[in-house]
Amino acid sequence: MTNAAFDAVELHRRDLRRPFPRRFRARLTGQTVLTLARRAKYLLAGLSSSETLLMHLGMSGSFSVESQDALSAAAPFEAGLHDHVVFHMSSGATIAYNDPRRFGVMDLLTAAELATHPVLSKLGPEPLSPAFDALALARACKGKTTSLKAALLDQRVVAGLGNIYVVEALHRAGLSPQRRASTIATPSGLPRDAAGRLAAAIKRVLEEAVARSLDADAYRSSRFRVYDREGERCPRSGCSGVVRRRAQGGRSTFYCPACQV
DNA sequence: ATTGAGACCTGTCGGC
DNA sequence: TGCCGACAGGTCTCAA
């Protein structure tokens, strides 16, 4: 959608998780999208005004795109339930943001606000980038008394991991979700073996997820190795453990007590 | 500063 | 069938 401009913007509420910024429609209308990027779980659209449209899908947000030829004067776009924002683009496309739980976010940031953003500016490395490795992970976990599970969900340690992929990566690495984060590093922040295994497991889990997401059938039918598999046999070859579930920080953790140490 | 618990919302699913 | 509680892939805030 780069190079398309916002011809019109419909706003059907004044807030999602937070209020929309002041003059949201006026500031967006007429602007051209020059760049599209992702950082952690945020989407960033760079605008011709040099502002940035920041978007987050929360838990239940989604975008749908209707092309020009799917719509007509006789049957124009009609916002459905939970279609909170609708973008009418100069390309003819209509883009609707739907979000039943409204945990999503949209904001408009000036270049200065983007650079100093209290969340964005503190995000950790992208897990699939070379900057994320055993050393980076060890440094970030050094001295942390919290659990490995909580540390990996902390977007300042590594950016973009959510509950499922943290659970999957910890199983892949053979590390207990309850284990103290500091134990994967030496006191000076150098990586122990566990840090290398964990960094590699995170990359592998995400690479596989990306590959699956490119195949609609594989994606729909896909399940995970331990997530949502309470009571099933541990999938690790040679392990005869049973997957357990427990609450950690209010969210479900799935793990094998036999092979995750 | 760090940490853990609770809050924010609506929809869906399983059990009675 | 309908009702009810538990739970959902994410942050943020607050209190210790």
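Computation of the quantities below employed the complete heavy-atom set of this structure, encompassing side-chain atoms and omitting hydrogens, waters and symmetry-equivalent molecules. Since the structure is predicted, the reported quantities are computational estimates derived from the model, not experimental observations. Labels below follow one simple rule: chain letters A, B, ... track the order of the sequence lines, proteins then strands, and each chain is numbered from 1.
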N or O in side chain of [X] less than 4.0 angstrom from [N] OP1/OP2:
X	N	answer
A:T146	B:dT2	no
A:K41	C:dT11	yes
A:Q155	C:dT11	yes
A:S252	C:dA8	yes
A:R17	C:dG10	no
A:H82	B:dT10	no

Stacking check A:F103 vs B:dC8 (5.5 Å / 30 deg): yes
Take atom [atom1] of [X] and atom [atom2] of [N], then tell me their distance rounded to the nearest Å.
X	N	atom1	atom2	value
A:M55	C:dT11	CE	C1'	18 Å
A:D154	C:dC12	CG	P	11 Å
A:L81	B:dT10	CG	P	10 Å
A:R13	B:dC9	CZ	P	9 Å
A:D228	B:dT12	CG	C1'	13 Å
A:Q248	B:dA5	CD	P	10 Å
A:R38	C:dG10	CZ	P	14 Å
A:E230	B:dC13	CD	P	19 Å

Sugar-phosphate only, base, or nothing, as touched by A:T145 at under 4.0 Å among non-hydrogen atoms: sugar-phosphate
Sugar-phosphate only, base, or nothing, as touched by A:G58 at under 4.0 Å among non-hydrogen atoms: sugar-phosphate
Do NZ/NE/NH1/NH2 and the carboxylate oxygens of [X] and [Y] come within less than 4.0 Å?
X	Y	answer
A:R27	A:E51	yes
A:E208	A:R172	yes
A:R246	A:E230	no
A:K203	A:E207	no

Donor-acceptor side-chain pairing of [X] and [Y] below 3.5 angstrom:
X	Y	value
A:S182	A:K144	no
A:S62	A:N98	no
A:T29	A:R25	no

Along DNA chain C (nearest heavy atom to each residue), the more 5'-positioned of A:G249 and A:R245: A:R245
By nearest atom, which of the nucleotides [options] is closest to the [X] side chain?
X	options	answer
A:P100	C:dT11, B:dT10, B:dT3	B:dT10
A:Y42	C:dG10, C:dC12, B:dT3	C:dC12
A:V119	B:dG4, C:dC12, C:dG10	C:dC12
A:R101	C:dC12, B:dC9, C:dG10	B:dC9

Donor-acceptor under 3.5 Å (A:S60 side chain, A:R101 main chain): yes
Polar side-chain atom of A:R17 near backbone of A:F103 as donor-acceptor pair, under 3.5 Å: yes
Parallel, tilted or perpendicular: ring planes of A:F6 versus A:F87, cut at 30 and 60 degrees: perpendicular
Base of B:dC9 paired with side chain of A:R102 (donor-acceptor, under 3.5 Å): no
Joint hydrophobic cluster, A:L206 plus A:L148, side-chain heavy atoms closer than 4.5 Å: yes
Distance, P atom - from B:dC9 to C:dC14, rounded to whole angstrom: 15 Å
DNA chain C: stems of at least 3 consecutive Watson-Crick or G-U pairs whose donor-acceptor distances fall under 3.5 Å: B:2-8 with C:10-16, B:10-16 with C:2-8
Upstream residue (5' side of DNA chain B) when A:S147 and A:R251 are each assigned their closest nucleotide: A:S147
Within residues 162-180 of chain A: residues closer than 4.0 Å to DNA chain C (heavy atoms): A:G162, A:N163, A:I164
